[in-house]
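A short worksheet on the structure shown next.
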2 protein chains.
Amino acid sequence: MNKPTVHDIAKEAGVSLATVDRVLNARPGVREKTIAKVQGAVERLGYVRDTYAANLARQRLYHFTFVLPEGPSQFTDTLKAALKEATSSQIADRIVLKVVTVPLHDPHAIVRTLRSLNAARLDGVAIMVPETPQVRDAVARLKDAGVKVVALVSDLPNSARDYFIGINSIAAGRTAGLLMGRLIPREGEVLVVTNSMRSRDSLDRRLGFDQVISNDFPRLKALPSIESYDDAERMEKITREVIMSRPDIVGVYSMGAGNMPLLSALRKSERLAELVVISHELTPATRQALMDNEIAAVIAQNVGHLVRSAMRILRTLSDDLPIFEAQERIRIDIIVRENLP
Amino acid sequence: MNKPTVHDIAKEAGVSLATVDRVLNARPGVREKTIAKVQGAVERLGYVRDTYAANLARQRLYHFTFVLPEGPSQFTDTLKAALKEATSSQIADRIVLKVVTVPLHDPHAIVRTLRSLNAARLDGVAIMVPETPQVRDAVARLKDAGVKVVALVSDLPNSARDYFIGINSIAAGRTAGLLMGRLIPREGEVLVVTNSMRSRDSLDRRLGFDQVISNDFPRLKALPSIESYDDAERMEKITREVIMSRPDIVGVYSMGAGNMPLLSALRKSERLAELVVISHELTPATRQALMDNEIAAVIAQNVGHLVRSAMRILRTLSDDLPIFEAQERIRIDIIVRENLP
DNA sequence: CTATAAATGAGGAACGTACCTCTTGTCTAC
DNA sequence: GTAGACAAGAGGTACGTTCCTCATTTATAG
């Protein structure tokens, strides 16, 4: 009735413990026929390796590296904080964690960093950078070297990454669109702002947003995206100008980072109270704006879950174990003033 | 640099391994002074017991029992499904799980069941029942017998339970109130329905809902709660009558289970399209209603997270380890058509 | 100061797995 | 028929912890 051990497998298969070990750990020097015998026993008894005992025996350490954007961003700051917090918990057990940051605007530097990772002493990498052909190459190279790769927050769909941990941007955009439509009962224009439409996330969010607006809420007109290019002043200036010149604007959808200059511009315009503002990611700025009723809703992903999931998945991949999908699915959180975590 | 082991503690404290073991496992026969020496070494080296190695050595099994409501309820069905799913994952490692169901309407049967639990061979219990003085007593009795007790979904705030796993009902009600107010731009009445206002959860949700409605949306008038007493026919009949007789109703807040008869009544009234309906818990019925635009939003708690959290917390409590709060906090999920999980 | 109890030390086996060495068995080729 | 290669067995040690026994030291009481 108890969980079968390697000894049970040996008995069941009629071979020695050493042979079972050779088969289970894919060591050479075992005939096909014998391998089949052992695997048969494994399946018949429903053997699952006790990972903890195995890790104890082999003194296993998991070497993981997180590649995150550098520079000031409230979102990546909260992500890093969550990572640090997780490090001191049970989840980080046997994990040796390294965090490196890369400048997002410099594709060469990103690739240089990815290439500089020592694949030989690395079990897994979690990457949060925009997808480029060079990044795809670097991912393939890591994979070839036996390193597990997961994309974090921003997917690398055309790369060889093993897993994506984050929310579907199209669905996130659709959620924003639905909320915007439901929260604005009249006609009008919706301002859409982002850092840069060259990022895939922004494109997808915009896509999802437009799908729902045009299909379910034709009374609303989503304006062309305004891009800030990470320039706070530019963002504030342009936003103010557009808001001033277009009295029909009834809502604002902020797809990316940079909510602080946006809010600052909206405040100065003195039209904030009558606008429905929806933004992404829960940061100190958006949290405060929610509490002040300046932002109606925030579309977010739980960063704590994000980093814990990344660690668990990298570990699971490293052990060639099946992933428990239900636990790892990152949900699209809708946060309003009253359900702030 | 490596994690210290019991051997390191023995060396540091200048005692033998056996003594370290006696101290760490609170076995008798050690002088106060020696205990202090060992504990000093533990703190200086920052020793943390390797729980996996310990469990391996002592062949530890965690015996947990979940006490859940019996009878047909889509919510408890999904909860049980999540429990079953979790059982076959890593999380349930070394856990021997038992599920017993109790009739919620029969306080005596509940207490009888709680008393019948064999505290001697039980490490922890997760309980989902309404709080009564008898339940409080039963919890205290379990605690006295050394069993860890957590309240699930529905808190037992005045009992000796170690932990509550679920969402704050007042905050959930406030969230519903805020959404209702934001989604209804005009004046009108809001119908509030529930199973029974004798349940603490319903009272608290109502309380939170009324707080926000009266404070932020005085244009809305929340009607007195309609109770179904778990009687589907009654629910459907009364709802239909009220809806028919009160043309000013613009929204419906469903605080408890029994969304199927409610929806059925609303459909028959043919006013569903113009009503803003907000309900609790994601079940097959509410999921379908969300997709059909019949329900505007569902306030939910992630049942998968709920049961995984319960298992982790019971295990952590059994090991007298600190709980990683950030991971265990159950969030108030707002679910709309586009962010359905 | 001794008898006794209490506290501590020393060592080993076990948990399930990994990994090592050494030996024995079996097959193939010439 | 035997060398050589390959396959399999047998047995041990280790990981960090628990738990056991037995011996030894130390404190306490009479």
Between [N] ([atom2]) and [X] ([atom1]): distance, integer Å:
X	N	atom1	atom2	answer
A/Asp93	D/dC15	CG	P	17 Å
A/Leu61	D/dG16	CG	C1'	14 Å
B/Leu24	D/dC19	CG	P	12 Å
B/Glu32	D/dA27	CD	P	16 Å
A/Tyr52	D/dT17	OH	C1'	16 Å
B/Arg31	C/dA5	CZ	C1'	13 Å
B/Lys37	D/dT26	NZ	C1'	12 Å
A/Lys33	C/dG25	NZ	P	18 Å

Salt-bridge present (B/Lys3, B/Asp8; N to O < 4.0 Å):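 Salt bridge between B/Lys3 and B/Asp8, a charged N being under 4.0 Å from a carboxylate O: no.
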Pair A/Lys148 + A/Asp123: basic N to acidic O under 4.0 Å: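 Salt bridge between A/Lys148 and A/Asp123, a charged N being under 4.0 Å from a carboxylate O: no.
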Salt bridge (charged side-chain N to carboxylate O under 4.0 Å, His left out) involving A/Glu328 - partner list, sequence neighbours excluded: A/Arg312
Test salt bridge (charged side-chain N to carboxylate O under 4.0 Å, His left out) applied to A/Glu12 - qualifying residues, sequence neighbours left out: A/Arg44
Under 4.0 Å protein heavy-atom contacts per nucleotide of nucleotides 9-17 of chain C, with B for base, S for backbone only and - for none: BB----BBB
Polar side chain donor-acceptor pair, A/Arg49 to A/Asn25, under 3.5 angstrom: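 On atom types as modelled, these side chains qualify, holding a pair under 3.5 Å.
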Row check, A/Tyr62 ring normal vs A/Arg60 NZ/CZ: under 6.0 Å, within 45°: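 Yes, a cation-pi geometry.
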